[in-house]
Number of protein chains: 2
Amino acid sequence: MGFLSRERVLSMPTRKLESVVSLNDIRVACKACSLKEICLPVGIDKDDLDHLDAIIDRKRPLARGEHLFHVGDNFQSIYAVRSGSLKTYTTSEDGQEQVMGFQLPGELVGLDAIAENCHPLAAKALETTSVCEIPFDELEKLSGQIGGLQHQLLRVMSQEIRDDEQNMVILGQKSAEQRLAAFLIGLSNRFRRRGFSANQFNLSMSRSDIGNYLGLALETVSRLFTRFQNEGLLSVDRKHIELLDRDQLYTFSGAHCAADEAPKAQTEN
Amino acid sequence: MGFLSRERVLSMPTRKLESVVSLNDIRVACKACSLKEICLPVGIDKDDLDHLDAIIDRKRPLARGEHLFHVGDNFQSIYAVRSGSLKTYTTSEDGQEQVMGFQLPGELVGLDAIAENCHPLAAKALETTSVCEIPFDELEKLSGQIGGLQHQLLRVMSQEIRDDEQNMVILGQKSAEQRLAAFLIGLSNRFRRRGFSANQFNLSMSRSDIGNYLGLALETVSRLFTRFQNEGLLSVDRKHIELLDRDQLYTFSGAHCAADEAPKAQTEN
DNA sequence: TTTAAATATTGATATAGATCAATGAATTTG
DNA sequence: CAAATTCATTGATCTATATCAATATTTAAA
């Protein structure tokens, strides 16, 4: 159990190691992990849940800079971030890196590998990060048996497509200012959805990662942070961000997608 | 049957109308529609195929400019293009349009609507276009029963995520020249995969749509077409494109993803 | 600690591609 | 078939943001 205490995971049940699993423990752990959307879909009974849980593997945490998988790696599993954060990226033949996304606790990585059975992106820990590994063939088998799970899986993938579309809009026609504003509002919403503060958070990624992700030079990102701060929209202290005028920032972002601002109520019990 | 003759669909079986369905006819029609990836997955037996086919509805063709669905429309079905082409797009509150993609025969639309049960994009016919309507709840039910279908569906969605990621790379860090080259190579590959000519095709979308999709001004697109032509890379005649130096164009595109260039062999029987 | 390496900020300058503007095809419409 | 409309091309200019460069700060290492 040693490594668990080093993580920010609340009541981690001991698993695999001791072979006996308490369903209650699992529920608690998964709730802390905020992965309930996938792991605890409404309407799955205890028995099904047991099956589902049985296939999920809690891996040892990754250190900052460690890879969860590399480009071209054989696809076996999808992963859910439990704590910490990841970035996914590719590298073009000229060595140029393109950051494709950042994964926060409760978010999934690897769905883009299903199509070709190998990972098109690499996933790297931005800080100490722990994940759940979900073997895909087993998940698939299970979701054939559990109707709700299948639907949930399709929903999650659909949402990812949607998010990517949003990103295309941002990259395709937003100004630098709008991009950064949208990025911050987006992050804020994601934190809020996971039960973290929406107005105050730490960026685990570098300015360069942000710039790369948003299609901007890191200098531009830096300048914008300063400007936003001067305009009283937020306060920056290195990695720490506090949103002071969320509404204004939202307006700046040239918002279009109502879904971004008003996250619908989760079935929270 | 009247409207069918107006389309470019080969041997369309009469269906629903006459209530008796010949399996052979279906196979032929779906092959022509080049949708076999979804509709004719390997390993689905005749019985299953029958079930699958029974839920698919061939709709009357759309005229140029007609919408298949609008933003916010309730999500019922996904659609497969049989002939013609579509564009999907959103409109931001300031009236600015963002083109998200183009769908060619054999490609699907609407997968991004599963998550929220409503369409985040509108889909509009770029020319006379016919589609198959696949009611999603029925597809979902079926894919719970037919293992191969479930996997196929996940694969298709995964591929869409992947394609969107590719687009992010293009929008995020490619030059105008690279974007257009990548766009043309991409189109060419998609045509080839569907059995059309890879080196000669008609653009059903306007320069403005292309520019919008690529995050460029239409003037830039126009200038690039002229330049590519002057450089002997292709020949343009209004909508008609002939790729003269595909390799060079491919190099220009700053290619990264091997998958783009070498489409793997389809299980063709 | 001190040094070294990585990361961030800020300024000066250059440029790719946007925007504005005019003209020239194509296509559609009456 | 003429008129109108849409779409495409080409040119001139302007601007947002990249790039180059120097310095400052933070983090990691020794």
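The chains referred to below are lettered A, B, ... by the order of the sequence lines, with proteins before strands, and numbering in each begins at 1.
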| message | Of the listed nucleotides (dA18(D), dT9(D), dC20(D)), which one gets closest to any side-chain atom of L218(B)? | response | dT9(D)
| Out of dA8(C), dA18(C), dT9(D), which has the shortest distance to the side chain of R207(B)? | dT9(D)
In this structure, how many angstroms lie between the [atom2] atom of [N] and the [atom1] atom of [X], rounded?
X: Q173(B); N: dT17(D); atom1: CD; atom2: P; result: 17 Å
X: I170(B); N: dG17(C); atom1: CD1; atom2: C1'; result: 18 Å
X: N212(B); N: dA18(C); atom1: CG; atom2: C1'; result: 14 Å
X: D209(B); N: dC7(D); atom1: CG; atom2: P; result: 9 Å
X: I210(B); N: dG17(C); atom1: CD1; atom2: P; result: 17 Å
X: N230(A); N: dT10(C); atom1: CG; atom2: P; result: 8 Å
X: L171(A); N: dT17(D); atom1: CG; atom2: C1'; result: 15 Å
X: L214(A); N: dT17(D); atom1: CG; atom2: P; result: 12 Å

| Which residues within residues 220-228 of chain B lie with some heavy atom under 4.0 Å of an atom in DNA chain D? | S222(B), R223(B), T226(B)
Check nucleotides 22-30 of chain D against the protein and report each pair of N or O atoms closer than 3.5 Å, with its distance, or say if there are none.
residue : atom : partner : partner atom : Å
dT26(D) : O3'  : R238(A) : NE           : 3.0

Ignoring hydrogens and angles, tell me if any N or O in the side chain of [X] forms a donor-acceptor pair with the backbone of [Y] under 3.5 Å.
X: T129(B); Y: S85(B); value: yes
X: N212(B); Y: V99(B); value: yes
X: R179(A); Y: K174(A); value: yes
X: T88(A); Y: A123(A); value: no
X: Q159(B); Y: A115(A); value: no

| query | Quick one: on DNA chain C, does A217(B) or E219(A) contact a more 5' nucleotide (nearest heavy atom)? | reply | E219(A)
| query | Is any side-chain heavy atom of V109(B) closer than 4.5 Å to a side-chain heavy atom of L121(B)? | reply | no
| query | Base, sugar-phosphate, or nothing: which does G215(B) touch, judged by heavy atoms less than 4.0 Å apart? | reply | sugar-phosphate
| Centroid-centroid distance, F102(A) to Y213(A), less than 6.0 Å | yes
| message | What's the separation between atom CZ in R246(B) and atom CG in L233(B), rounded to the nearest 0.5 Å? | response | 13.0 Å
| said: I'd like to know if E97(A) and K124(A) make a salt bridge, using a cut-off of under 4.0 Å between side-chain N and carboxylate O. | reply: no
